[in-house]
Amino acid sequence: MGIRIRATGTSRSTDTHSVVTHSGRAAAQCLERAGVRPDQVGVLINTGVFRDSNTVEPAVAALIQKAAGIGLDYTRNDPRTFSFDLMNGAVGVVNAVQVAGSVLATGSTEHVLIVAGDTHPSLARSSADAEFPYATSGAALLLEQVDGAEGFGPVFTATAPGTPAGQAYVDTAAMGTVGRTLMTVEREPDFEDRVLEVAVEVAHSALADLDGAFVALIASTPSPVFPDRLADALDIDRDAVRVPDLADGDPHTAALPLAYARASAEGTLTGYTHVLFVAAGAGPSAAATLYRLPAETTA
């Protein structure tokens, strides 16, 4: 039995800066592409961190569920969809894959929908800059359990000791009456180097004992060169690296699903047997998992 990606969805248009709208659109697109009804989704996991107007309550996952049109009717025999936020920075999507695998293994639902995406809390811009290095977007992965070996392998995680290397917060001492529109992001000078260390560690664990495989690499994008640096450290050819569109900056939590959706749409995974997903960010922390591609992709 394996846990595979049934479909993907993305949203990056500039008509809105709302991550709820973007993630809801990505989720709806994902279901449409898969031919799956909303009532067939038992669990929705939101891994986004930076949200509209610094919303704290309710869970943003519930707002995204509503925007996607999932579970809006309340009749006696309606299927229920449980949604929740799983926040672990850039690593959240891979953590959600692990949770989704456990949920699907119980047989309690046919599908788990993972959504990711971030935005500046002011809702006034979509491109990254020096003060807020994250681009606005939304992305979704629809997961299901299948017979056979295709799908995600074990998830490996690691953290490093010391300071978190990067952090984001609302400065309550200086925010005045506009705290819902502000976010301070700080990175230490060696942020990327420290994040790379833990990324290499988990990637090696995921790749252990892998023979005769052709592996593509999809990694977080704290900088445009980070995936290439990781590939070099793993002795993976840079030609095997797949990245999202970085024209507006780092999509942060959505980087991995956006990169996978782009590679799938462009057909650039043909000839590979596996995708190595490596998520890494502040903590420093990282998580990696090896995904065996369906046979129709590798042909």
Side-chain angles (χ1 to χ4, degrees), residues 2-13 15-16 18-49 51 59-73 79-86 92-101 103-104 109-119 135-146 150-152 218 242 244-245 251-269 275 277 279 289 291 293-294 296-297:
I3 305 300
R4 76 166 185 180
I5 300 170
R6 170 74 176 270
T8 62
T10 64
S11 178
R12 303 197 72 170
S13 61
D15 64 319
T16 179
S18 166
V19 75
V20 171
T21 301
H22 278 298
S23 296
R25 287 175 179 174
Q29 182 188 77
C30 193
L31 296 185
E32 181 180 0
R33 288 176 171 175
V36 169
R37 303 186 312 273
D39 61 84
Q40 292 176 278
V41 178
V43 177
L44 184 151
I45 306 173
N46 170 47
T47 63
V49 174
R51 58 269 305 269
V60 174
L63 302 178
I64 294 169
Q65 178 184 336
K66 179 181 178 182
I70 299 172
L72 300 186
D73 296 321
R80 297 288 185 261
T81 299
F82 176 53
S83 59
F84 60 93
D85 294 338
L86 191 165
V93 163
V94 177
N95 295 145
V97 165
Q98 186 173 28
V99 173
V103 171
L104 289 166
T109 182
E110 295 178 77
H111 302 93
V112 174
L113 188 60
I114 298 173
V115 295
D118 298 280
T119 191
T136 300
S137 65
L141 297 174
L142 184 67
L143 305 188
E144 65 181 4
Q145 185 168 258
V146 295
E150 67 188 75
F152 289 100
I218 291 178
R242 300 291 178 265
D245 183 350
H252 197 223
T253 60
L256 272 61
L258 286 175
Y260 182 81
R262 183 185 190 187
S264 297
E266 295 177 354
T268 59
L269 294 177
V275 174
F277 287 99
T289 182
Y291 182 74
L293 290 162
E296 60 267 25
T297 305

K.L.:
In Å and rounded to the nearest 0.5 Å, what is the CG to CG distance from L31 to L113?
P.N.:
5.5 Å
K.L.:
So how far is it from I114 CD1 to C30 SG, rounded to the nearest 0.5 Å?
P.N.:
10.0 Å
K.L.:
For A68, which residues count as a side chain to side chain contact (heavy atoms under 4.5 Å, CB included) partner, sequence neighbours excluded?
P.N.:
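By the side chain to side chain contact (heavy atoms under 4.5 Å, CB included) rule, A68 matches A27, I70.
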K.L.:
If we ignore hydrogens and angles and just use 3.5 Å, is the side chain of D85 paired with the main-chain N or O of A59 as donor and acceptor?
P.N.:
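Flag not set: sc D85 to bb A59 has no pair under 3.5 Å.
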K.L.:
If you take all heavy atoms of S11 and H22, which pair is closest and at what distance?
P.N.:
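That would be OG-ND1, 2.7 Å.
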K.L.:
If we ignore hydrogens and angles and just use 3.5 Å, is the side chain of H252 paired with the main-chain N or O of T119 as donor and acceptor?
P.N.:
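Not confirmed, H252 side chain does not pair with T119 backbone.
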K.L.:
Using a 4.5 Å cut-off on heavy atoms from C-beta on, say whether the side chain of R6 contacts that of V36.
P.N.:
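The answer is yes; the side chains approach within 4.5 Å.
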K.L.:
State, with a plain yes or no, whether a side-chain heavy atom of D245 is found less than 4.5 Å away from one of L258.
P.N.:
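Counting from C-beta outward, D245 and L258 never come under 4.5 Å.
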K.L.:
Assess the residue pair R242 and T268 against the criterion (side chain to side chain contact (heavy atoms under 4.5 Å, CB included)); give the C-alpha distance rounded to whole Å, side-chain angles, the decisive distance to 0.1 Å, and a yes or no.
P.N.:
CA-CA 8 Å; R242 300 291 178 265; T268 59; 3.2 Å; yes
K.L.:
Roughly how far, to the nearest 0.5 Å, is the CD atom of Q145 from the OG1 atom of T109?
P.N.:
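T109 atom OG1 to Q145 atom CD measures 11.0 Å (nearest 0.5 Å).
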K.L.:
Taking the side chain as everything from C-beta on, heavy atoms only, tell me whether R4 gets closer than 4.5 Å to E144.
P.N.:
yes
K.L.:
So, using side chain to side chain contact (heavy atoms under 4.5 Å, CB included) as the criterion, who are the partners of T21 when residues are at least two apart?
P.N.:
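T16, S18, R25.
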K.L.:
Side-chain contact, heavy-atom cut-off 4.5 Å: Q98 with L86?
P.N.:
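No, too far: nothing below the 4.5 Å cut-off.
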K.L.:
Working to the nearest 0.5 Å, report the span between CD of E150 and CD1 of I5.
P.N.:
10.5 Å
K.L.:
So which atom in A61 and which in N46 form the shortest heavy-atom distance, rounded to 0.1 Å?
P.N.:
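In this case the closest contact between A61 and N46 is CB-CB, 3.7 Å.
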K.L.:
Run the numbers on L44 and V115 for side chain to side chain contact (heavy atoms under 4.5 Å, CB included), then give the verdict.
P.N.:
CA-CA 7 Å; L44 184 151; V115 295; 4.0 Å; yes
K.L.:
Main chain of V41, side chain of T81: is a donor-acceptor contact present, judged purely on distance under 3.5 Å?
P.N.:
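Looks like yes, one N/O pair under 3.5 Å.
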K.L.:
Hey, does V97 have a side-chain heavy atom less than 4.5 Å from the side chain of I3?
P.N.:
no
K.L.:
Please give me the minimum heavy-atom distance between A116 and S23, naming the atom from each residue.
P.N.:
O-OG, 3.7 Å
K.L.:
Heavy atoms, side chains only, cut-off 4.5 Å: are V103 and F82 in contact?
P.N.:
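V103 vs F82: side chains apart.
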K.L.:
I'd like to know whether S137 forms a side chain to side chain contact (heavy atoms under 4.5 Å, CB included) with R12, so could you lay out the CA-CA distance, the side-chain angles of the two residues, the decisive distance to 0.1 Å, and finally the verdict.
P.N.:
CA-CA 5 Å; S137 65; R12 303 197 72 170; 3.8 Å; yes
K.L.:
Flag the pair K66 / L72 as yes when at least one side-chain heavy-atom distance between them is below 4.5 Å, and no otherwise.
P.N.:
yes
K.L.:
Any idea how F277 and Y291 line up, ring-wise: parallel (<30°), tilted (30 to 60°), or perpendicular (>60°)?
P.N.:
perpendicular
K.L.:
Does the side chain of I45 reach to within under 4.5 Å of the side chain of F84, using non-hydrogen atoms?
P.N.:
yes
K.L.:
Given P257, which partner from the list T10, T8, V93, I218 fulfils the side-chain contact (heavy atoms from CB on, under 4.5 Å) test?
P.N.:
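Going through T10, T8, V93, I218 one by one, the side-chain contact (heavy atoms from CB on, under 4.5 Å) with P257 is satisfied by V93 alone.
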K.L.:
Using every non-hydrogen atom in the two residues, find where A34 and L142 come nearest and quote the distance to one decimal.
P.N.:
CB-CD2, 3.6 Å
K.L.:
Scan V146, V112, V99 and name whichever one has a side-chain contact (heavy atoms from CB on, under 4.5 Å) with L104.
P.N.:
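Answer to the side-chain contact (heavy atoms from CB on, under 4.5 Å) test with L104 among V146, V112, V99: V112.
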